[in-house]
*Asks:* 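The structure follows.
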Amino acid sequence: MSKILGIDLGTTFSLIAMMKDGKPVCIPNAERRTLLPSVVSFDEEGRPIVGEKGKARRVTHAAQTVYSVKRFMGRGTEEVSQALKQVSYRTAPSSGGVIRFSVGKKEYTPPELSALILRELKVQAEMHLKETVEQVVITVPAYFNDSQRQATKDAGKIAGLEVIRIINEPTAASLAYGMQNKNRGFIAVYDLGGGTFDISILKVQDGLFEVLATAGNTTLGGDDFDYRMAEAALQRGLDRGALKTVTPQQREIARVAAEKIKCTLSAKGKALLSIPMEGTSRRIEEEWTRQDFELLIQDLVASTLTLCERSLKDARLTREKIDEVILVGGSTRIPLVLESVKHFFGKEPHCDLNPDEVVAMGAAVQGEILSGGIQDMLLLDVIPLSLGIETYGGVMSKIIERNSKVPCSVKESFTTFVDGQTSVAIRVFQGERELVKDNRSLAQFDIKVEPMPAGLPRIEVEFMVDANGILKVSAQEQHRGKEVSIQVKPSYGLTDSEVDRLVKESYEYAEGDIRARQLIEARNEAEVVSRGTEKALKEGDSLISEEERRSIEASLVCLKTIVKTEDHFAILRAIEALEENARPLALSLMNRAVAAKLQGRPVKEVLRDFAKNKIPAS
């Protein structure tokens with residue numbers, strides 16, 4: 001199989017990673033950043049602006065900028081009413097089964113918006129690798145339900161990616177750590193990100209990663225900490241009369257300011273929260289201490305420990321049995337979180353790997369396992385919530401219990417409760433409550449039966465959960481042998497035809513733009529490197545041999561020829577060839593006067609500096 005990359009599609013940041021020299025590494029963009037803000041803004045023409053530039057528009061163009069879209073993946077409007085209060089963009093009037101947002105000149109579903117983020121990561125990786133990226137492993141919170149997982153797969157398809165596997169974020173993190181040591185015993189992975197929380201308990205032995213239990217909250221994370229601080233500050237501004245009202249724009253301004261102070265308070269004991277007042281030059285200012293912030297969020301942090309307790313109980317383990325605790329997610333940098341986890345488990349948590357990057361790195365490891373590059377590691381995961389069907393009286397009859405290993409398949413037989421029934425409705429649900437009205441509806445289909453007295457027909461229902469945690473249900477009427485089988489398309493999910501339409505539109509309206517941008521960026525890069533090389537040749541004429549000079553000049557001619565083509569990958573390869581041939585010249589030019597400044601820097605940077613006249617002549 002070809003190279004399979006790993007993607008962490010996060011609430012606040014997203015990353016893409018690969019295996020390099022036997023180790024997982026995150027792929028940087030042109031600015032050498034690995035973290036891509038999961039933000040999409042739309043300009044006046046309706047064109048998407050993804051990442052840092054999009055994030056910069058959260059305050060100036062609040063209604064046209066979407067963030068934390070992961071919280072809405074695979075969910076309905078009634079499920080996310082509280083989350084909608086925390087964002088400045090709004091749902092579209094046409095929102096029905098699938099939630100839609102009115103942003104700019106169009107309406108977008110969460111999978112479409114997530115696809116724009118995934119596509120940006122795809123471009124980032126292709127620019128770095130100089131080859132097309134097609135196959136990926138994407139991570140999701142362990143507590144994502146069936147519809148949320150399906151929505152994530154849909155987003156990948158819309159982005160032009162083949163999603164080889166969906167894996168749980170805490171499990172991915174354990175794989176990244178497992179590359180260092182494959183004999184660890186019982187591990188607790190505490191994952192607190194920007195928008196979700198997960199706790200997973202694993203047993204690791206001789207390269208086998210077995211998930212014993214998982215628990216979590218898909219609506220709890222650092223975003224909620226920011227929201228609480230911002231709302232508290234705004235309320236105090238209202239109480240003091242500094243503010244007369246709070247607009248969506250003002251709320252967004254406050255949240256951005258609160259996020260910065262939250263990060264500052266992780267390193268310092270106090271900080272000044274300064275919130276610009278919309279439309280004026282005035283500010284709301286007040287000093288916050290770390291203790292003030294901790295009092296504000298302590299109940300949220302405590303709720304994560306309750307879930308830790310539940311997952312230990314499901315795994316039939318005590319805290320003392322846990323050998324190691326791994327911290328994942330940027331919110332674990334908050335001192336209160338770190339100390340709470342340390343106190344709960346009675347041991348110092350591990351954060352050897354960057355908590356922002358470790359999930360993407362683990363996804364890359366899983367990609368390498370699936371492609372056959374790693375053969376001494378195996379992952380066994382579990383489903384987060386029970387699956388079942390509705391039986392007489394609105395009762396939830398569980399067929400697959402939560403924390404069952406995936407992939408799995410379970411069959412059960414049912415019958416009718418009314419004489420002469422000619423069909424039976426199979427209603428599929430997910431959840432832990434005893435009545436279906438309290439659980440999540442996933443799908444419904446009918447199966448024909450022979451009219452018989454109640455209790456005589458036999459209907460065999462089979463639930464099959466694949467390695468992605470996605471459900472397929474089949475039902476067979478035993479008397480006539482007729483069978484109905486469906487790939488569950490959850491309520492609030494996109495239909496196959498909708499996904500196909502969005503894929504087509506993404507290529508019609510976006511693929512051309514992306515390729516054009518890649519070509520422009522490659523040509524710009526070629527221009528800079530060519531100009532720098534020509535100047536370096538003039539400066540270092542006496543420092544290289546005639547053979548080296550001819551090699552560099554040949555590479556220059558080749559690049560100037562290829563740059564006129566439409567193949568941006570070919571241009572990038574030609575740039576790389578020129579850099580390699582110019583390496584002796586670049587090293588020679590690192591004379592004593594500039595050695596301290598240039599030592600150890602990439603050849604490309606040296607050539608760029610020559611192009612910009614930043615390096616003095618020898």
*Asks:* If you measure from CD1 on Ile164 to CD1 on Ile4, what distance do you get to the nearest 0.5 Å?
*Replies:*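 These two atoms lie 5.0 Å from each other.
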*Asks:* Is the closest side-chain donor-acceptor distance between Thr247 and Gln250 under 3.5 Å?
*Replies:*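 No, because no side-chain N or O of Thr247 sits under 3.5 Å from a partner of the opposite role on Gln250.
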*Asks:* Within the structure provided, determine whether Val66 and Tyr108 are in side-chain contact (heavy-atom separation under 4.5 Å).
*Replies:*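 Answer no - side chains too far apart.
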*Asks:* To check you understand the geometry: which heavy-atom pair defines the closest contact between Ile275 and Ala257, and what is its length?
*Replies:*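 So the two residues come closest at CG1-CB, 4.1 Å.
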*Asks:* Are Phe209 and Ile369 side-chain neighbours, meaning at least one heavy-atom pair lies under 4.5 Å?
*Replies:*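 A side-chain contact is absent here, since even the closest heavy-atom pair is not under 4.5 Å.
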*Asks:* Side chains of Thr60 and Arg57: closer than 4.5 Å at any heavy-atom pair?
*Replies:*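 Touching, per the 4.5 Å side-chain cut-off.
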*Asks:* Write down the atom of Leu192, the atom of Gly221, and the distance for their closest heavy-atom approach.
*Replies:*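 Nearest pair, atom of Leu192 first, then Gly221: CD1-CA, 4.0 Å.
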*Asks:* Can you run down the salt bridge (Lys or Arg N to Asp or Glu O under 4.0 Å) pairs that involve residues 164-174, sequence neighbours left out, and say none if there aren't any?
*Replies:*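 Salt bridge (Lys or Arg N to Asp or Glu O under 4.0 Å) check on residues 164-174 returns Lys70-Glu169.
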*Asks:* Taking atom CD of Glu547 as the centre, does the number of heavy atoms from other residues, nucleotides or ligands within less than 6.0 Å exceed 12?
*Replies:*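 Count not over threshold, so no.
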*Asks:* Please confirm whether the backbone N or O of Ile27 pairs with a side-chain atom of Thr34, one donor and one acceptor, at under 3.5 Å?
*Replies:*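 Not a single qualifying donor-acceptor pair exists.
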*Asks:* Treating Thr65 as the side-chain partner and Ala62 as the backbone partner, does any N or O pair qualify as donor plus acceptor under 3.5 Å?
*Replies:*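 Pair absent, no side-chain N/O of Thr65 close to backbone of Ala62.
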*Asks:* Would you give the length of the straight line joining atom CD of Glu368 to atom NZ of Lys3, rounded to the nearest 0.5 angstrom?
*Replies:*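 Glu368 CD to Lys3 NZ: 7.0 Å, rounded to 0.5 Å.
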*Asks:* Charged N to carboxylate O under 4.0 angstrom, Lys55 versus Glu52?
*Replies:*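 Result for this pair is no, no salt bridge flagged.
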*Asks:* Is a side-chain donor or acceptor of Arg71 paired with a backbone partner of Leu84 at a separation under 3.5 angstrom?
*Replies:*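 Here the side-chain-to-backbone pair does not exist.
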*Asks:* Are the side chain of Asn168 and the backbone of Pro170 linked by a donor-acceptor contact shorter than 3.5 Å?
*Replies:*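 Not at all, since once roles are kept as given, no pair shorter than 3.5 Å links the two residues.
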*Asks:* Any sub-3.5 Å donor-acceptor pair from Asp223's side-chain atoms to Gly195's backbone N or O?
*Replies:*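 No.
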*Asks:* Carefully, step by step, assess Val529 and Thr533 under the rule side chain to side chain contact (heavy atoms under 4.5 Å, CB included).
*Replies:* CA-CA 6 Å; Val529 174; Thr533 303; 4.0 Å; yes
*Asks:* So does Ala230 get a backbone contact from the side chain of Arg251, meaning a donor-acceptor N/O pair under 3.5 Å?
*Replies:*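 No, the answer is negative, given that no donor and acceptor are paired below the 3.5 Å cut-off.
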*Asks:* May I ask you to test the Arg573-Asp567 pair for a side-chain heavy-atom distance under 4.5 Å?
*Replies:*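 Contact flag for Arg573/Asp567 side chains = yes.
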*Asks:* Is there a side-chain contact between Thr171 and Val189 in this structure, where contact means two heavy atoms from C-beta onward sitting under 4.5 Å apart?
*Replies:*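 A side-chain contact under 4.5 Å is absent here.
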*Asks:* Might you point out which heavy atoms bring Ala363 and Ile167 nearest each other, and give the distance in Å?
*Replies:*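 Heavy atoms of Ala363 and Ile167 come nearest at CA-CD1, 4.3 Å.
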*Asks:* Starting at CG of Asp154, measure out to CD of Gln150 and round the result to the nearest 0.5 Å.
*Replies:*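 These two atoms lie 5.0 Å from each other.
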*Asks:* Can you classify the ring geometry of Tyr89 versus Tyr67 as parallel (below 30°), tilted (30 to 60°) or perpendicular (above 60°)?
*Replies:*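 Perpendicular, since the angle between the ring planes exceeds 60°.
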*Asks:* Answer whether the closest heavy-atom distance between the side chains of Leu121 and Leu15 falls below 4.5 Å.
*Replies:*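 When only atoms from C-beta onward are counted, Leu15 and Leu121 do not touch, as no gap falls below 4.5 Å.
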*Asks:* Atom CZ in Arg149, atom NZ in Lys153: separation rounded to 0.5 Å?
*Replies:*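 Nearest 0.5 Å value for the CZ-NZ distance: 11.5 Å.
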*Asks:* Mind running salt bridge (charged side-chain N to carboxylate O under 4.0 Å, His left out) on Arg523 and Glu566 for me, showing each step along the way?
*Replies:* CA-CA 10 Å; Arg523 284 174 172 169; Glu566 302 295 314; 3.3 Å; yes
*Asks:* Hey, are the side chains of Met377 and Leu175 touching, using non-hydrogen atoms and a 4.5 Å cut-off?
*Replies:*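 The answer is yes; the side chains approach within 4.5 Å.
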*Asks:* When you measure from the side chain of Glu126 to the backbone of Val133, do you find a donor-acceptor pair of N or O atoms at a distance under 3.5 Å?
*Replies:*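 Yes, Glu126 side chain to Val133 backbone: donor-acceptor pair under 3.5 Å.
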*Asks:* CD of Glu278 to CD of Glu252: how many Å apart, nearest 0.5 Å?
*Replies:*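 The CD atom of Glu252 is 11.5 Å from CD of Glu278, to the nearest 0.5 Å.
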*Asks:* Any chance you could lay out the side chain to side chain contact (heavy atoms under 4.5 Å, CB included) test for His568 and Glu525, step after step, and finish with the verdict?
*Replies:* CA-CA 11 Å; His568 73 279; Glu525 182 77 16; over 6 Å; no
*Asks:* One pair to check against side chain to side chain contact (heavy atoms under 4.5 Å, CB included): Lys23 and Met361. What are the steps and the verdict?
*Replies:* CA-CA 9 Å; Lys23 295 181 180 179; Met361 293 165 64; over 6 Å; no
*Asks:* Please name the residue in the list Val359, Leu353, Val358, Asn354 that meets the side-chain contact (heavy atoms from CB on, under 4.5 Å) test with Asp356.
*Replies:*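 Of the listed residues Val359, Leu353, Val358, Asn354, the side-chain contact (heavy atoms from CB on, under 4.5 Å) partner of Asp356 is Asn354.
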*Asks:* Please find the pair of heavy atoms, one from Cys26 and one from Ala360, that lie closest to each other, and give the distance.
*Replies:*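 Scanning both residues, the minimum pair turns out to be SG-CB, 4.2 Å.
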*Asks:* Yes or no on side chain to side chain contact (heavy atoms under 4.5 Å, CB included) for Ile552 and Leu578, after CA distance, side-chain angles and deciding distance?
*Replies:* CA-CA 7 Å; Ile552 294 171; Leu578 175 57; 4.2 Å; yes
*Asks:* Measure across Pro48 and Leu116 and return the closest heavy-atom pair with its distance rounded to 0.1 Å.
*Replies:*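 Nearest heavy atoms, Pro48 then Leu116: CB-CD1, 4.0 Å.
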*Asks:* The test is salt bridge (charged side-chain N to carboxylate O under 4.0 Å, His left out); show your working for Lys106 and Glu112 and say whether it passes.
*Replies:* CA-CA 11 Å; Lys106 287 183 64 178; Glu112 286 178 88; 5.1 Å; no
*Asks:* For residues Gly74 and Ala151, report the shortest heavy-atom separation together with the two atoms involved.
*Replies:*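 Reported closest heavy-atom pair: N-CB, 3.6 Å.
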*Asks:* Quick one: CD on Glu45 to CG on Asp43, what's the gap to the nearest 0.5 Å?
*Replies:*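 Going from the CD atom of Glu45 to the CG atom of Asp43 covers 6.5 Å.
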*Asks:* Below 3.5 Å, can you tabulate the donor-acceptor pairs from side chains in residues 258-266 to any protein atom, sequence neighbours excluded?
*Replies:*
{"residue": "Lys262", "atom": "NZ", "partner": "Asp226", "partner atom": "OD1", "Å": "2.9"}
{"residue": "Thr264", "atom": "OG1", "partner": "Lys260", "partner atom": "O", "Å": "3.0"}
{"residue": "Ser266", "atom": "OG", "partner": "Lys262", "partner atom": "O", "Å": "3.4"}

*Asks:* Does a side-chain heavy-atom distance below 4.5 Å link Leu572 with Glu576?
*Replies:*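 Of all side-chain heavy-atom pairs linking Glu576 with Leu572, none is under 4.5 Å.
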*Asks:* So does Glu527 get a backbone contact from the side chain of Ser530, meaning a donor-acceptor N/O pair under 3.5 Å?
*Replies:*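 Checking the backbone N and O of Glu527 against the side chain of Ser530, no donor-acceptor pair under 3.5 Å is found.
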*Asks:* Please determine whether side-chain hydrogen bond (donor to acceptor under 3.5 Å, both in side chains) holds for the pair Asn581 and Arg550, giving the CA-CA distance in whole Å, both sets of side-chain angles, and the decisive distance to 0.1 Å.
*Replies:* CA-CA 10 Å; Asn581 287 328; Arg550 284 198 301 269; over 6 Å; no
